[in-house]
Amino acid sequence: MKISLPKNSRLQSEAFTFGVATASFQIEGGVDSRQTCIWDTFCATPDKIRDASNGDVACNHLNLWQEDIALIASLGVDAYRFSIAWGRVLNQDGSINQQGVDFYIGILDELKRRNIKAFVTLYHWDLPQHIEDQGGWLNRDTAYLFKDYADKISQAFGDRVYSYATLNEPFCSSYLGYEAGIHAPGLMKKAYGRQSAHHLLLAHGLAMQVLQKNSPNSMNGIVLNFTPCYALTQSAADIQAAKQADDYFNQWYIKPIFDAAYPDLLAALAPEDRPEIHDGDLELISQPIDFLGVNFYTRAVYQADAEHGFVQVDLPGVPKTDIGWEIYPQAFTDLLVSLDQIYDLPPIFITENGAAMDDKCIDGRVDDLDRLSYYQHHLTAVDNAIVQGVNIQGYFAWSLMDNFEWAEGYLKRFGIVYVDYASQTRTIKASGQAYSDLIRSRAHLTNNNNK
């Protein structure tokens with residue numbers, strides 16, 4: 001089975017960027033050669049991780065990175081998106097940890113040698129624990145520590161990086177980490193969620209300033225995740241509930257960047273739940289970015305609720321991934337078109353899209369046809385958005401390989417490459433082979449078109 005797209009699709013052009021993505025804590029291991037981070041602490045807290053696992057070894061990428069880069073190259077991708085562990089490259093006093101910096105420079109140089117573009121994310125949730133001990137993202141000072149980190153690392157990496165993203169999914173860091181308590185650091189308070197979100201966005205704005213100064217030739221921006229919100233019925237109450245949910249979970253993170261304002265929902269929050277916003281903050285947050293990274297997995301359906309305004313509804317009988325997320329590719333097209341209509345956007349890159357499936361490796365093969373189908377329908381959804389005028393320039397499959405899936409531990413597999421954690425053997429799945437075939441077929445098509 002293969003992935004097929006219309007012959008005239010922009011995704012069939014060699015100008016379109018195809019890549020794979022990972023994150024530091026999820027794959028690296030090497031816990032002894034970096035600072036302790038909030039996820040180490042969270043993993044050590046009873047009942048937080050479903051299988052009671054941790055990221056101490058993960059995929060052992062710290063030691064296997066050369067083989068992993070060779071694996072990435074074998075897929076024929078144009079780009080590799082990965083994140084830097086803040087606590088691996090800086091010491092607790094803020095000085096450079098040269099051993100950690102050299103690890104990433106080795107990766108960057110090898111990617112350059114293989115002509116694979118490096119898309120670097122500076123923050124993918126692994127805040128050093130000593131910073132959390134001072135309040136973490138609830139402390140405004142953390143935004144300035146992040147600026148310092150971005151400054152030092154962008155200088156250290158020089159011209160090796162094709163693209164920098166300041167943050168990955170600030171929604172997850174703030175809402176899941178400080179408001180719902182599902183992710184590290186596991187705090188649970190509405191005010192914490194809103195305040196940490198503001199400081200994360202402030203950190204983004206501050207870091208953009210130093211990235212544009214230190215690395216003016218790279219494409220610098222941010223990665224936001226979106227879960228489009230649909231009304232259960234066409235009643236006015238349910239439509240309003242979906243709108244409120246969208247403002248709370250989605251627009252809260254993008255509107256300050258492009259409109260220098262929070263959604264109107266801000267005024268409806270109880271005074272004690274509103275973030276403290278200083279003069280000039282929104283101007284800092286809203287400076288121009290070179291690209292917007294969009295992560296998409298699923299949608300959510302809401303109905304009106306007298307107490308909370310909105311409540312999510314779990315639809316029965318709909319197709320779902322192994323992690324329980326509805327498979328609804330139309331929401332992907334709807335999202336991209338609506339963002340394009342609401343905001344004056346720079347080029348968009350789909351920085352994550354993929355599915356957890358219940359994979360089995362049998363006789364060295366993983367026939368994940370369910371994931372392959374997911375990619376087929378979601379790449380088609382991206383193509384449909386492009387046809388409707390959305391400027392999408394790249395797509396990254398999440399994830400390169402199975403890894404530590406946060407609160408789910410190692411129970412859920414998102415990779416297009418299967419990882420046997422006991423032996424650290426990597427096996428390209430059927431979906432990975434189909435993805436590779438799609439990417440490699442573009443050159444053939446382009447050559448034919450040029451005849």
Undergrad: Will you find, in the side chains of Thr380 and Gln376, an N or O donor that is under 3.5 Å from an N or O acceptor?
TA: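 The criterion, which ignores hydrogens and geometry beyond distance, is satisfied for Gln376 and Thr380.
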Undergrad: Would you give the length of the straight line joining atom SG of Cys59 to atom CG of Asp402, rounded to the nearest 0.5 angstrom?
TA: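 Result: 7.5 Å between the selected atoms.
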Undergrad: Counting only heavy atoms not in Asp93, do more than 12 fall under 6.0 Å of its CG?
TA: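 Yes, the 6.0 Å shell around CG holds more than 12 heavy atoms from other groups.
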Undergrad: Classify the ring geometry of Phe42 against Trp39: parallel below 30°, tilted from 30° to 60°, perpendicular beyond 60°.
TA: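 Answer is perpendicular, since the angle exceeds 60°.
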Undergrad: Salt bridge or not for Glu179 and Arg194, using N-O below 4.0 Å?
TA: yes
Undergrad: Without swapping roles, check the side chain of Asp238 against the backbone of Ala304 for a donor-acceptor pair under 3.5 Å.
TA: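 Confirmed, Asp238 side chain pairs with Ala304 backbone.
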Undergrad: What distance separates Phe103 CZ from Ser24 OG, expressed to the nearest 0.5 Å?
TA: 9.0 Å
Undergrad: Without swapping roles, check the side chain of Asp78 against the backbone of Phe18 for a donor-acceptor pair under 3.5 Å.
TA: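 Pair found, side chain donor or acceptor close to backbone of Phe18.
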Undergrad: Can you name the closest pair of heavy atoms from Ala407 and Ile182 and give their distance?
TA: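 Looking at all heavy atoms of both residues, the closest pair is CB-O, 3.8 Å.
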Undergrad: Where do Glu132 and Ile38 come nearest, in terms of heavy atoms and distance?
TA: CB-CG2, 3.4 Å
Undergrad: Within a strict 4.5 Å, meaning less than it, do heavy atoms of the Ile386 and Ser9 side chains meet?
TA: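 Ile386 does not reach Ser9 side chain to side chain.
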Undergrad: Donor-acceptor check, side chain of Tyr302 to backbone of Val313, threshold 3.5 angstrom: yes or no?
TA: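 Side chain of Tyr302 to backbone of Val313, a donor-acceptor pair under 3.5 Å: no, none is there.
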Undergrad: Given side chains that start at C-beta, do those of Asn220 and Gln212 come closer than 4.5 Å, heavy atoms only?
TA: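 Asn220 reaches Gln212 side chain to side chain.
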Undergrad: Got a second to check how far Asn214's CG is from Asp159's CG, nearest 0.5 Å?
TA: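 Nearest 0.5 Å value for the CG-CG distance: 12.5 Å.
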Undergrad: Taking the six-membered ring for Trp, is the centroid-to-centroid distance between Phe119 and Phe349 below 6.0 Å?
TA: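 Yes; Phe349 has its ring centre under 6.0 Å from that of Phe119.
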Undergrad: Are Trp137 and Tyr123 close enough that their ring centres sit under 6.0 Å apart?
TA: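 Yes; Tyr123 has its ring centre under 6.0 Å from that of Trp137.
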Undergrad: Does a side-chain heavy-atom distance below 4.5 Å link Trp125 with Cys172?
TA: yes
Undergrad: Could you tell me whether the side chain of Arg81 reaches within less than 4.5 Å of the side chain of Asn168, counting heavy atoms only?
TA: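 Yes - at least one pair of side-chain heavy atoms lies under 4.5 Å apart.
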Undergrad: When rounded to the nearest 0.5 angstrom, what is the spacing between CE in Met357 and NZ in Lys429?
TA: 10.0 Å
Undergrad: Around atom CG of Asp109, are there more than 12 heavy atoms of other residues, nucleotides or ligands at under 6.0 Å?
TA: yes
Undergrad: Assess the side chains of Gln155 and Asp151: does a donor N or O sit below 3.5 Å from an acceptor N or O?
TA: yes
Undergrad: State, to 0.1 Å, how close Val301 and Ala231 come at their nearest heavy-atom pair, and which atoms those are.
TA: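 Of all heavy-atom pairs spanning Val301 and Ala231, the closest is CG1-C, 4.2 Å.
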Undergrad: When you measure from the side chain of Tyr374 to the backbone N and O of Ala356, does any donor-acceptor pair fall under 3.5 Å?
TA: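 Not confirmed, Tyr374 side chain does not pair with Ala356 backbone.
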Undergrad: Does a side chain donor of either Asp133 or Gln129 reach within less than 3.5 Å of an acceptor in the other side chain?
TA: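 The answer is yes; a qualifying pair exists.
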Undergrad: Within the supplied structure, the quantity of interest is the number of heavy atoms (other residues, nucleotides, ligands) at a distance under 6.0 Å from Gln98 CD; does it exceed 12?
TA: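 Yes - once you tally the heavy atoms of other residues, nucleotides and ligands closer than 6.0 Å, there are more than 12.
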Undergrad: Does Ala267 offer a backbone N or O that forms a donor-acceptor pair with the side chain of Arg274 under 3.5 Å?
TA: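 Such a contact is found between Arg274 side chain and Ala267 backbone.
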Undergrad: Got more than 12 heavy atoms from elsewhere within 6.0 Å of CD, Glu272?
TA: yes
Undergrad: Quick one: closest heavy-atom pair of Val210 and Ser154, and the distance?
TA: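 Reported closest heavy-atom pair: O-OG, 4.5 Å.
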Undergrad: Would you check if Phe332 and Ile350 make a side-chain contact, meaning some heavy-atom pair closer than 4.5 Å?
TA: yes
Undergrad: Filter on salt bridge (charged side-chain N to carboxylate O under 4.0 Å, His left out), then keep only pairs touching residues 326-343, sequence neighbours left out; what's left?
TA: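 Output for this query lists Arg299-Glu326.
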Undergrad: Taking the basic N atoms (NZ, or NE/NH1/NH2) and the acidic carboxylate oxygens, is any pair closer than 4.0 Å for Asp40 and Arg34?
TA: yes
Undergrad: With a cut-off of under 6.0 Å to the ring centre and 45° to the axis, is Arg371 in cation-pi contact with Phe414?
TA: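 No, a cation-pi geometry is absent between Arg371 and Phe414.
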Undergrad: Check the orientation of Phe146 and Tyr149. Use parallel for under 30°, tilted for 30 to 60°, and perpendicular for over 60°.
TA: perpendicular
Undergrad: State, without any angle test, whether His130 and Gln134 hold a side-chain donor-acceptor pair at a distance under 3.5 Å.
TA: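 No.
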Undergrad: Within the 3.5 Å criterion, strictly below it, is a donor on Ser196 or Tyr175 matched to an acceptor on the partner's side chain?
TA: no
Undergrad: Can you measure from SG (Cys229) to CG (Asp247) and round to the nearest 0.5 angstrom?
TA: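 Output value for this atom pair is 9.0 Å.
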Undergrad: Is there a donor-acceptor pair closer than 3.5 Å between any side-chain N or O of Gln35 and the backbone N or O of Leu90?
TA: yes
Undergrad: Can you tell me if NZ on Lys320 sees more than 12 non-hydrogen neighbours from other groups inside 6.0 Å?
TA: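 Yes, NZ of Lys320 has more than 12 neighbouring heavy atoms, counting only those of other groups under 6.0 Å.
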Undergrad: May I ask you to decide if Ser163's main-chain N or O and Ser218's side chain share a donor-acceptor pair within less than 3.5 Å?
TA: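 Absent.
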Undergrad: Does any N or O in the side chain of Arg88 come within less than 3.5 Å of the main-chain N or O of Ala85, such that one atom is a donor and the other an acceptor?
TA: no
Undergrad: Please enumerate all residues that pass salt bridge (Lys or Arg N to Asp or Glu O under 4.0 Å) together with Asp246, with sequence neighbours excluded.
TA: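 Scan of Asp246 (salt bridge (Lys or Arg N to Asp or Glu O under 4.0 Å), adjacent residues dropped) gives none.
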Undergrad: Does one side chain, of His198 or Asp281, offer a donor that lies under 3.5 Å from an acceptor on the other?
TA: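 Yes.
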Undergrad: Enumerate the side chain to side chain donor-acceptor pair (under 3.5 Å) contacts for residues 341-351, please, sequence neighbours excluded, ordered by first and then second residue.
TA: Gln251-Tyr343, Asn295-Thr351
Undergrad: In the structure I gave you, are the side-chain heavy atoms of Gln244 and Phe249 within less than 4.5 Å of one another anywhere?
TA: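 The answer is no, as the side chains (C-beta and beyond) never meet within the 4.5 Å cut-off.
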Undergrad: Take Ser399 and Asn403, measure what side chain to side chain donor-acceptor pair (under 3.5 Å) needs, and give me the verdict at the end.
TA: CA-CA 8 Å; Ser399 170; Asn403 54 47; 3.2 Å; yes
Undergrad: Please determine which of His124, Glu28, Gln26 meets the side chain to side chain contact (heavy atoms under 4.5 Å, CB included) test together with Ser83.
TA: His124
Undergrad: Treating Thr333 as the side-chain partner and Ala385 as the backbone partner, does any N or O pair qualify as donor plus acceptor under 3.5 Å?
TA: no
Undergrad: Would you kindly say whether Thr22 and Tyr80 are connected by a side-chain donor-acceptor distance under 3.5 Å?
TA: yes
Undergrad: To the nearest 0.5 Å, what is the distance between CG (Asn353) and CG (Leu379)?
TA: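 It is 7.0 Å, given to the nearest 0.5 Å.
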Undergrad: Can Asn91 and Ser95 be counted as having a side-chain donor-acceptor contact under 3.5 angstrom?
TA: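 Yes - a donor-acceptor pair under 3.5 Å links their side chains.
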Undergrad: Over all heavy atoms of both residues, which pair between Tyr164 and Ser215 is shortest? Give the atoms and the distance, please.
TA: CE1-OG, 3.6 Å
Undergrad: Is it the case that over 12 heavy atoms from other parts of the model lie below 6.0 angstrom from the NZ atom of Lys243?
TA: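 Atom NZ in Lys243 is not crowded, with 12 or fewer foreign heavy atoms closer than 6.0 Å.
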Undergrad: Within the 4.5 Å heavy-atom criterion, are Ile27 and Phe82 side-chain neighbours or not?
TA: no
Undergrad: Any side-chain heavy atom of Ile254 sitting closer than 4.5 Å to one from Phe226?
TA: yes
Undergrad: Taking the six-membered ring for Trp, are the ring centroids of Phe25 and Phe404 within less than 6.0 Å of each other?
TA: yes
Undergrad: When you measure from the side chain of Lys152 to the backbone N and O of Ile96, does any donor-acceptor pair fall under 3.5 Å?
TA: no
Undergrad: Which atom names give the shortest non-hydrogen contact between Ser33 and Asn97, and what distance separates them?
TA: O-ND2, 4.0 Å
Undergrad: Can you see whether Ser13 engages Arg442 through a side-chain donor-acceptor pair at a distance of less than 3.5 angstrom?
TA: no
Undergrad: One pair to check against side chain to side chain donor-acceptor pair (under 3.5 Å): Tyr192 and Ser174. What are the steps and the verdict?
TA: CA-CA 8 Å; Tyr192 291 170; Ser174 60; over 6 Å; no
